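Working notes, structure below.
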Amino acid sequence: MYKTIIIFIAVVFLLGCVAYQPQKLPYPQHIPASAYNFKENNYKEEKINLGRFLFYDPNLSADGTISCASCHSPYNAFAHTDHNLSHGIKDQIGRRNAPALFNLAWHSSFMWDGAIQHLDMQALAPIEDEREMDSDISQVVAKLQKSPIYPELFRLAYGSNEISSERILKALAVFQLSLTSFDSKYDQVKQQKAIFTEQEEKGYQLFLTHCNTCHTEPLFTNLDFANNGLPLDTTLRDYGKGAITLQAKDSFLFKIPSLRNLSYTYPYMHDGRFSKLSQVLTHYQKGVQKTTNLHPNLANGLPLTANEKVDIIAFLLTLDDAKFVFNPKHQFPKELINN
Amino acid sequence: MKKCLVFLFLLANFVRIFAQQQLNFQINWENEPLILSKNYFSNFNKDSLKIEKLQFYVSDICLLKKGKIVYKLLPKYKLIDLENPNSQQIKFKTKKKFDAVQFNLGIDSLTNASGAKSGDLDPRLGMYWAWQSGYINLKMEGHSPICTSRNQFFQFHLGGFLNNFYAIQKIQFTVNQQNMNVKLQIDKFFEQVNLSQQHEIMSPNQKAVVLSQIIANSFKID
């Protein structure tokens with residue numbers, strides 16, 4: 001009798017533990033641990049939802065025309081395809097190509113030049129840039145306070161309907177953290193749910209030889225900065241990280257982008273100079289310029305034959321994650337239409 | 001009876017003073033409180049100038065005894081604003097004996113590189129660089145005819161938390177009393193900075209570090 005009661009209590013307790021498990025960013029086993037500190041910004045469904053509203057809301061810009069999604073579209077893996085340089089408020093042209101946004105929980109510095117050290121604070125940059133959204137966070141707080149939908153969304157996310165800059169920034173961050181892309185053919189191969197074709201396998205081996213030092217699997221970036229030998233565009237004179245740190249050793253270094261979802265994220269590079277993967281491979285094969293701080297692996301370009309380039313591209317396409325790109329949970333919240 | 005009341009009143013005040021200690025941050029021009037937008041004359045620059053904004057962060061204020069920290073004041077981060085007298089005083093209560101006070105001018109690296117914050121660290125307060133990470137440790141803006149900039153405007157946004165341009169300054173004073181008045185003698189700054197050559201700093205760099213040191217050396221206590 002006692003035994004059954006004890007077992008019953010134990011079962012209830014265990015069930016309770018399972019039910020009260022704090023929510024966690026899900027990712028598969030072949031992926032290393034994420035870097036974002038969720039202790040200061042817990043991962044929560046309602047907060048992700050609030051962040052999604054904010055991400056798609058043009059009210060974050062001065063004249064109500066530009067949202068984050070204007071430059072980071074879900075169908076482009078949250079990059080921007082139409083333009084090589086991003087387009088902001090009143091059709092002003094920015095300095096750089098909008099990067100894709102996914103797997104950001106693994107990153108610890110942001111922007112092509114690493115100007116930003118924490119995802120929470122990143123959103124201030126576009127909100128306040130006069131060529132992007134040309135607003136400021138106080139204006140955003142004031143606008144949202146007047147909105148009919150936000151107080152309730154904040155209450156669900158945080159327990160009270162207070163709207164503050166901290167809460168806005170954290171919700172935007174958590175939404176972006178929820179954008180994980182680990183369901184490509186490559187991932188299925190890693191989980192033994194699929195196999196590469198012969199050509200993809202050849203491309204994979206070539207990739208490991210030539211590209212993996214910088215575009216390290218399984219994130220396909222080592223999250224560091226490098227000079228991959230792009231000739232300087234003299235109309236932009238963009239020195240990347242060097243312009244932020246003012247150190248010669250950082251000149252021409254740019255954040256190494258992930259190579260997941262390349263079919264959706266063209267054009268490529270910090271200034272969107274290439275629109276096709278074949279151009280990118282031709283660059284590595286024979287376009288590399290010996291500018292300051294060129295990465296030693298690329299000193300003589302990469303010895304790739306025409307066939308090898310095609311094989312590498314075949315492999316790169318196995319990194320496309322259509323389930324991520326078309327995931328309805330990441331898309332425009334329809335309730336915003338009437339706001 | 002009346003005398004008795006006066007005595008009680010004094011006693012009460014005495015107790016209160018003892019219970020509540022205070023650290024004041026004053027901003028002075030030649031030993032007088034600096035007045036917003038008032039014209040002052042800088043001998044070094046040989047011209048007039050007026051200060052229209054002056055805000056700075058102090059953080060990790062603590063009391064020391066023989067070089068060891070005995071008490072940490074709260075809040076951990078405090079934005080001192082010329083326009084807001086309330087921001088210039090920090091009340092605290094401790095029975096601990098101390099012989100020195102120490103604080104940072106600016107915000108530590110770890111906080112700079114971490115997530116969204118509220119209170120005095122709320123980015124709404126305009127003390128955060130949006131286009132890159134990091135708090136502005138000190139913001140001073142104003143006008144002087146000697147500035148060659150547009151509208152003769154000067155603006156010093158001093159900050160930087162990465163190794164190479166680390167602008168945060170640790171400041172320490174010995175003290176021998178319960179209430180402390182830390183004074184920023186801003187006139188001293190303009191005795192060392194040539195406004196005709198230097199009137200705009202808007203990002204972390206070597207000059208920001210040098211000017212932050214000049215500011216740090218312009219503090220005194222009494």
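Being a predicted model, the structure only gives us computed values, none of them experimental. Residue numbers begin at 1 in each chain, while the letters A, B, ... track the order of the sequences.
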Which heavy atom of [X] sits nearest to which heavy atom of [Y], and what is that distance?
{"X": "Ala116(B)", "Y": "Leu169(A)", "answer": "CB-CB, 3.8 Å"}
{"X": "Ile116(A)", "Y": "Gln132(B)", "answer": "CG1-CA, 3.8 Å"}
{"X": "Ser165(A)", "Y": "Pro123(B)", "answer": "OG-CD, 4.0 Å"}

In this structure, are over 12 heavy atoms from other groups packed under 6.0 Å from [X] atom [atom1]?
{"X": "Lys170(B)", "atom1": "NZ", "value": "no"}
{"X": "Lys44(A)", "atom1": "NZ", "value": "yes"}
{"X": "Lys72(B)", "atom1": "NZ", "value": "no"}
{"X": "Asn163(B)", "atom1": "CG", "value": "no"}
{"X": "Glu130(A)", "atom1": "CD", "value": "no"}

Between [atom1] of [X] and [atom2] of [Y], what distance do you get to the nearest 0.5 Å?
{"X": "Asp120(A)", "Y": "Lys117(B)", "atom1": "CG", "atom2": "NZ", "result": "7.5 Å"}
{"X": "Ser118(B)", "Y": "Glu162(A)", "atom1": "OG", "atom2": "CD", "result": "8.0 Å"}
{"X": "Trp131(B)", "Y": "Asp129(A)", "atom1": "CH2", "atom2": "CG", "result": "11.5 Å"}

Would Trp129(B) and Met121(A) count as a side-chain contact (heavy atoms from CB on, under 4.5 Å) here? Give the steps. CA-CA 10 Å; Trp129(B) 271 303; Met121(A) 307 313 263; over 6 Å; no
Look at the side chain of His118(A) and the backbone N and O of Ala113(B), then say whether any donor-acceptor pair between them is shorter than 3.5 Å. no
Short side-chain to backbone donor-acceptor contact, Asn164(B) and Thr245(A), under 3.5 Å: yes
Could you have a look at Ala123(A), Ala115(A), Pro126(A) and say which one has the most heavy-atom pairs with chain B under 4.5 angstrom? Ala115(A)
Counting heavy-atom pairs closer than 4.5 Å to chain B, which one of Ile127(A), Asp113(A), Val141(A) comes out on top? Val141(A)
Select one option (side chain, backbone, both, neither) describing which atoms of Ser164(A) are under 4.5 Å from chain B's heavy atoms. neither
Quick check on Gln247(A) against chain B: is it the side chain, the backbone, both or neither that has a heavy atom closer than 4.5 Å? side chain
Strictly by modelled atom types, are Ser133(B) and Gln117(A) linked by a side-chain donor-acceptor pair under 3.5 Å? no
